[in-house]
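Only one structure is covered here, and it is reproduced in the block below.
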Amino acid sequence: MKKLILIDGNSIAYRAFFALPLLNNDKGVYTNAVYGFTTMLLKIIEEEKPTHMLVAFDAGKTTFRHQTYSEYKGGRQKTPPELSEQFPLVRELLDAFNIARYEADNYEADDIIGTLAKQAAGKDWEVKIFSGDKDLLQLVSERITVALTKKGITQVDYYDQALLDEKYGITAEQIIDMKGLMGDSSDNIPGVPGIGEKTALKLLKEFGTVEKVLSSIDQISGKKMKERLEEHKEQALMSKELATIYTEVPYEKELEELRFGDYDSKQVVALLKELDFSSLLAKFDYDDPQEEEKELAALDYETVSQIEERHLTSPAALIVEVLQENYHQAEIEGIAISNKEGHFFVPTEAALQSELFRKWAKDATAKKWVFDAKRTVVVLGWRDLLLEGIDFDVQMASYLLDPSLSSHEITDVARRKGIEDVQEDELVYGKGAKLKVPEQDKLGLHLARKAHALYQLKPLLEEELQKNEQEKLYRELEMPLSVILGHMETTGVKVDTEQLKAMGEDLEGRLQELEQTIHQLAGVAFNINSPKQLGEILFEKLGLPPIKKTKTGYSTSADVLEKLAPQHEIVEHILHYRQLGKLSSTYIEGLLKVTRKETGKVHTRFNQALTQTGRLSSTDPNLQNIPIRLEEGRKIRKAFVPSEQGWKIVAADYSQIELRVLAHISKDDRLIEAFRKDMDIHTKTAMDVFHVEKEEVTANMRRSAKAVNFGIVYGISDYGLSQSLGITRKEAASFIERYFASYPKVKEYMDTIIEEGREKGYVSTLLQRRRYLPDLTSRNFNKRSFAERTAMNTPIQGTAADIIKKAMIDMAAALDDKKLKTRMLLQVHDELIFEVPEAELDEVMKLVPDVMEQAMELAVPLKADVSFGDTWYDAK
DNA sequence: TACGACACGC
DNA sequence: GACGTACGTGTCGTAC
C-alpha cells in the first residue's frame with residue numbers, strides 16, 4: 001500500500017531549534033534546527049518506510065486568513081535570525097534526499113498538508129502527518145494519523161481516532177470547534193475569553209459544535225458564561241473559521257510525483273559531512289548501491305614498466321600501497337608517483353628492482369611527499385630499501401592540525417580540502433574476508449589518484465601548519481620521530497617464548513583448579529568468563545546483593561567483587577581467576593600469537609597519529625600495557641629479553657614528569673620549590689593539603705595526596721577522585737579545594753586555561769600541539785565539565801608527551817653520534833627501554849638519563865631514573 | 001561482524 | 001540537583 005508522509009516543515013524546524021542547544025559547525029553556521037530536522041527525517045524514513053513524502057512550508061507573511069482577521073498571528077515573536085538562516089539548509093537537505101517540498105502564497109503549511117492528506121486518503125493511501133501543531137488533529141481520520149511532537153524532537157504521539165477520543169473525548173471535526181471556543185494564543189486567535197480547554201471540551205461534549213453551543217446559550221448554566229458567549233458570538237465563529245484548515249489549496253501536480261526513495265546518497269553524505277553531522281552520518285546507510293557506482297573524474301596516468309628520470313623528480317608524491325593493516329613484512333601491492341610530469345603507476349617489482357628507483361629513494365635531497373611516513377619507511381625497510389628525504393607526511397599534518405578528526409585517511413583528508421576524486425580504499429578493495437586486489441588497471445588508477453591527491457594536498461596542509469605555528473612541531477619533532485619509531489618497530493623486541501610457554505602451562509593448571517573450586521562453591525558448572533552467567537550465579541543463585549548495574553545486567557567488575565568478597569568465599573576465587581585468566585589469554589597466548597617464529601621477536605606498531613593528547617599508542621602487540629602492578633603479572637616481563645647474547649635491558653623513566661610540567665606551566669612557587677628540592681611529591685602534597693609536618697604525614701594522608709595528584713594529572717572529577725579513594729563526592733571536592741588553596745597558582749592556571757580554551761577554541765602544549773574543545777561552551781553540564789577537565793589536563797599530558805618525544809630524538813642522535821650499538825626498543829609514555837651491549841652499559845646508564853633530563857628546559861629540573869637487568873623484569 | 005564488559009598500563 | 005565522568009588496546013562472550 002502507498003504511504004504518504006507529510007511534514008510541517010516550519011513547525012518541526014521551530015521545535016528542533018528550541019529543543020536543542022545552539023550548535024554550530026566548524027564554519028560557524030548554526031545547525032541545531034537542521035540537525036534536529038535531520039534526526040527526525042532519518043527516523044521517519046527508517047521507521048515509516050514511506051513510499052511518498054512531502055514537506056510543506058509557510059510561504060509569505062500574509063494568508064487568506066488575514067483578510068478574515070487582520071490580527072491573525074499578530075504579536076508573534078520574530079523568528080530569530082539564528083533559525084531563519086537555517087531554513088535554506090533544511091531545503092538543501094530535502095533536495096539532497098529528493099523529497100518534495102511545497103509552499104504556496106496565501107496559504108499556510110497546514111492548508112497544503114490538509115489538501116494533500118485529503119486527496120491521498122481519498123485514494124485509500126495511508127497518510128501520516130508530522131507536526132508540533134495541534135490544529136492538524138482536525139485532519140485525523142481512518143486513513144490519516146497525526147504524529148505530534150511531545151518532548152524533544154523525535155518523541156511523538158500518534159493520534160488516530162481512538163487516541164483523540166481518549167485524550168479529548170471529541171472527534172477530529174470538533175477540533176475546530178474547540179479552537180473556536182478556546183482560541184489559540186500562539187496564532188492570536190481570540191476564541192471566547194474565559195473559556196479554556198476544559199470548558200470548551202465540556203460544552204462540545206454536550207452540544208457538539210460552536211454553532212449549536214451558540215444557539216443553545218439559554219441551556220447553559222452559569223450567568224458569566226452565558227454573558228461571555230453572547231458577547232463573543234461573532235468572535236467564536238470567526239475563530240472557528242480561522243482554525244479550519246483549508247483543503248482546496250491549488251496543487252497542480254499528481255500525488256504520484258511525491259514518490260520518495262530515488263535519491264543520490266552521495267549528495268546526502270556530502271551534505272551531512274558539510275554540516276558536521278558525523279553522528280548522523282554513522283546512522284545513514286552508506287552502503288547504498290548508488291553510492292558505489294558514482295563515477296569519479298577521469299585521471300590520465302601512465303603504467304610504467306621501466307623507471308626513468310622523469311618519474312623521479314623532486315618533489316614527488318609517493319604511494320607505497322600495502323593492504324594489510326599490519327605493515328611489518330607485508331606485501332606491497334603497487335607503487336605510484338605523482339609529480340609535475342604526471343601520474344605514474346609502477347608495479348612493485350618494476351620499482352624495487354630498478355637501480356634508479358633505489359638511488360632516488362635513498363637520496364635525501366630528493367623530496368618525497370607521502371601518506372604515513374613510518375608505514376612507508378618500514379615497508380620498504382623490510383625489503384632492504386632505504387627511504388630518505390621524506391619532506392611531507394599528509395597523515396601526520398592532518399593529525400597535528402586537528403587530532404580529534406576521526407579519520408586521517410587520505411580520502412577523508414582530501415575530501416576536507418575539496419578534492420573529491422579519490423576512491424575509498426574500502427570501495428576498491430572490499431573489507432574483511434572479501435578483501436582483494438582488483439585487476440591492474442583498476443589498482444593503477446586508484447593508486448595514481450591517491451598520489452595525485454597527495455601532490456595537491458601538501459601545499460594546502462603545509463600552509464595551515466604555518467598558520468598555526470605548528471611547522472616546528474611538525475618538522476623538528478614528529479617527522480624525525482616517525483623515522484625513529486619506524487626503526488624501533490623494525491628492530492623489534494626479543495621474546496623468550498619458552499619462558500612464556502612455561503608460565504602459560506603453570507597458569508593453565510592453576511586456572512583449572514580455580515575453576516573447579518568456583519564451580520563447587522557455586523554448586524553448578526558455568527562459564528566464569530561470562531559476566532551474564534557469573535551475575536546470575538552471584539546475585540540470583542547465591543543471593544549476594546547487586547552493587548552496580550550495567551546496561552545489560554549486573555555489574556561484576558573488580559570493584560564490585562571486592563566489596564562482595566567478605567560475604568562469600570567464592571568471590572576471591574573469582575577475582576583470582578580473572579587475574580590469571582587475563583594474564584593467560586592476553587599476555588601469554590596473545591603475545592605468543594604475534595611473536596615471529598623465525599626470529600622470536602615481536603614488532604609492535606606505534607600509532608603516532610591517534611591520541612588526542614599527543615601520546616603514542618601501541619598495537620599488535622600493545623607493549624605499553626604489560627603488567628607491572630601485581631607481582632604475578634609483572635613476571636611476564638621476564639619474557640622480554642635482549643636479542644643478543646650478553647646484552648642487557650636498560651629502562652629509564654621520568655619521575656613525576658606531568659607534575660613537573662604542571663609546576664612549570666603554572667609557575668606555582670611551592671610546587672617549583674618542591675621539585676627543585678627533589679622532594680617526595682606525594683608526601684609534600686600531603687603536608688601542604690593537611691597542614692602537617694613531614695613526620696606527621698600518615699600512610700593514609702600520602703595515599704590521598706597521591707590520588708589527588710593523580711587526578712590533577714589525568715583530569716578526573718571529584719566523582720572520579722571519590723571513587724578511587726572510596727570517599728564521598730563532597731569529601732573529594734573538599735580535597736580538591738584544599739589542594740588549590742595550597743597551590744594557588746595551579747588554581748589560577750586551571751582557570752586561565754579554560755578561559756583561553758573558550759576564547760581560542762583550543763588549548764596547546766608547550767610545543768604548540770593543539771586540541772580543539774568546542775564543548776567548553778556547551779550548555780550541557782556534562783559535556784562542558786568534561787571539556788574543562790580536558791582543557792586543564794591536555795597541556796600537561798601533551799607537554800609531557802612532547803618532552804619524551806624530544807628525548808627520543810636526542811637519544812637516537814646521541815647513539816648515532818657516539819656510534820653506539822645500543823638500540824632503543826620501546827616507549828611507554830614516560831619511559832624508554834633499550835637493549836645494550838655489556839660493553840656500553842656504563843656509558844648508556846649515564847647517557848640515557850642525561851639526555852632525558854636535558855630534553856627540555858623547564859622551570860624545574862626533569863628527573864629520570866634508570867636501571868638495567870637481564871630482562872625487562874629485572875630492569876627495575 | 002559488532003558491541004559491551006572487563007582488565008591491563010600510564 | 002542531575003548528569004556520568006582520563007586515554008588507550010586486547011580478550012572474551014553474546015547478539016546479530
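Lettering follows sequence order; numbering is per chain, from 1.
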Notebook entry, point to check: Side chain of A/Ile628: nearest nucleotide among C/dG13, C/dG4, B/dG9?
Noted result: B/dG9

Next item on the list: Say whether A/Tyr327 and A/Arg375, considering side chains only, have a donor N or O and an acceptor N or O under 3.5 Å apart.
Entry: no

Check: Taking N and O atoms by type only, does the side chain of A/Arg729 place a donor or acceptor under 3.5 Å from a partner on the base of C/dG4?
Finding: yes

Next item on the list: Answer with yes or no whether the side chains of A/Asp874 and A/Thr871 bring together a donor and an acceptor at under 3.5 Å.
Entry: yes

Next item on the list: Report which part of the nucleic acid A/Thr790 touches: base, sugar-phosphate, or nothing (heavy-atom distance under 4.0 Å, all strands).
Entry: nothing

Notebook entry, point to check: Does a side-chain N or O from A/Ser618 land closer than 4.0 Å to OP1 or OP2 of C/dG8, or not?
Noted result: no

Note to self: Need one value for A/Gly590: base, sugar-phosphate or nothing, where a base atom within 4.0 Å counts as base even if backbone is also close, heavy atoms only.
What the structure shows: sugar-phosphate

Next item on the list: Let me know the distance between CG of A/Leu591 and P of B/dC8, rounded to the nearest Å.
Entry: 16 Å

Margin query: For a quick check of understanding: with a heavy-atom distance under 4.0 Å over all strands, which category does A/Leu610 fall into, base, sugar-phosphate or nothing?
Written below: sugar-phosphate

Checklist line | Within 45° cone and under 6.0 Å: A/Arg771 NZ/CZ vs A/Tyr762 ring | finding: no

Notebook entry, point to check: Going by distance alone, is a donor N or O of one side chain under 3.5 Å from an acceptor N or O of the other, for A/Asn780 and A/Ser778?
Noted result: no

Checklist line | Touch class at under 4.0 angstrom, heavy-atom based, for A/Gln533 against every strand present | finding: sugar-phosphate

Check: Which one, C/dT14, C/dG8, C/dG4, comes nearest to the side chain of A/Ser617?
Finding: C/dG8

Note to self: Without decimals, in angstroms, what is the distance between A/Phe640 CZ and B/dC8 C1'?
What the structure shows: 13 Å

Item checked: Length of the line joining A/Arg578:CZ and B/dC8:P, which is rounded to integer Å -> 10 Å

Next item on the list: Let me know the distance between CG of A/Asn782 and C1' of C/dC3, rounded to the nearest Å.
Entry: 4 Å

Note to self: Does A/Glu658 reach a base, just sugar-phosphate, or nothing at all? Heavy atoms under 4.0 Å.
What the structure shows: nothing

Item checked: Steps toward side-chain contact (heavy atoms from CB on, under 4.5 Å) verdict (A/Lys501, A/Ile588) -> CA-CA 7 Å; A/Lys501 283 177 192 154; A/Ile588 306 274; over 6 Å; no

Check: What about A/Ser585, does its side chain sit under 3.5 Å from the base of C/dT11 through a donor-acceptor pair?
Finding: no

Notebook entry, point to check: How far does the P atom of C/dA6 sit from the matching atom of B/dA2, given to the nearest Å?
Noted result: 27 Å

Next item on the list: Compare the minimum distances between each of C/dG4, B/dC6, C/dT11 and the side chain of A/Thr550, then state the nucleotide with the smallest one.
Entry: B/dC6

Margin query: Using a 4.0 Å heavy-atom cut-off, does A/Asn527 contact any base of the nucleic acid, only the sugar-phosphate backbone, or nothing at all?
Written below: sugar-phosphate

Item checked: Closest nucleotide among C/dC3, C/dT14, B/dA7 to the A/Lys532 side chain -> C/dT14

Check: Below 4.0 angstrom from OP1 or OP2 of B/dC6, is there any side-chain N or O of A/Thr556?
Finding: yes

Check: If you check the A/Ser557 side chain, which of C/dC7, C/dG13, B/dA7 turns out closest?
Finding: B/dA7

Margin query: Please report the distance separating the C1' of C/dC3 from the corresponding atom of B/dA7, rounded so that it comes out in whole Å.
Written below: 26 Å

Next item on the list: Check if the side chain of A/Asn625 and the base of B/dC8 share a donor-acceptor pair of N or O atoms closer than 3.5 Å.
Entry: yes

Note to self: Tell me if the side-chain of A/Arg615 makes a donor-acceptor pair with the base of B/dC10, cut-off 3.5 Å, by modelled atom types.
What the structure shows: yes

Notebook entry, point to check: Quick one: do the A/Ser764 and A/Arg770 side chains pair a donor with an acceptor below 3.5 Å?
Noted result: no

Check: A/Gln579 side chain: which of B/dC8, C/dA15, B/dG9 is closest?
Finding: B/dC8

Next item on the list: Kindly check if the number of other-residue, nucleotide or ligand heavy atoms within 6.0 Å of NZ (A/Lys638) is above 12?
Entry: yes

Check: Looking at B/dC6, B/dC10, C/dC12, which one has an atom nearest to any side-chain atom of A/Pro531?
Finding: B/dC6

Item checked: Protein-nucleotide distance (A/Gln624, atom CD; B/dA7, atom C1'), rounded to Å -> 16 Å

Check: Taking a pair as Watson-Crick or G-U wobble with both distances under 3.5 Å, which nucleotide is matched to C/dT11?
Finding: B/dA5

Margin query: Roughly how many Å apart are C/dA2 and B/dC8, using the P atom of each and rounding to a whole number?
Written below: 32 Å

Check: How close or far is atom P of C/dG4 from atom CD of A/Glu788, stated in whole angstroms?
Finding: 17 Å

Next item on the list: May I ask which nucleotide in the shown strands pairs with C/dT5, Watson-Crick or G-U wobble, both distances under 3.5 Å?
Entry: none

Next item on the list: Looking at every strand, decide which applies to A/Arg629 at a 4.0 Å heavy-atom threshold: base, sugar-phosphate, or nothing.
Entry: sugar-phosphate

Check: To the side chain of A/His829, which of C/dG8, C/dT5, B/dC10 is closest?
Finding: B/dC10

Margin query: Using a 4.0 Å heavy-atom cut-off, does A/Asp830 contact any base of the nucleic acid, only the sugar-phosphate backbone, or nothing at all?
Written below: sugar-phosphate

Checklist line | Nucleotide C/dG10, atom P - distance to CD1 of A/Ile636 in whole Å | finding: 16 Å

Checklist line | A/Phe640 and A/Trp872 aromatic ring geometry - parallel, tilted or perpendicular at 30°/60° bounds | finding: perpendicular

Margin query: Taking 4.0 Å as the cut-off, does a side-chain nitrogen or oxygen of A/Ser555 come that near to OP1 or OP2 on B/dC6?
Written below: yes

Notebook entry, point to check: Between atom CG in A/Leu580 and atom P in C/dT11, what is the gap in whole Å?
Noted result: 17 Å

Notebook entry, point to check: What is the nucleic acid contact for A/Asp620, judged by heavy atoms within less than 4.0 Å: base, sugar-phosphate only, or nothing?
Noted result: sugar-phosphate

Notebook entry, point to check: Under the 5.5 Å and 30° test, is A/Tyr719 stacked on the base of C/dT5?
Noted result: yes

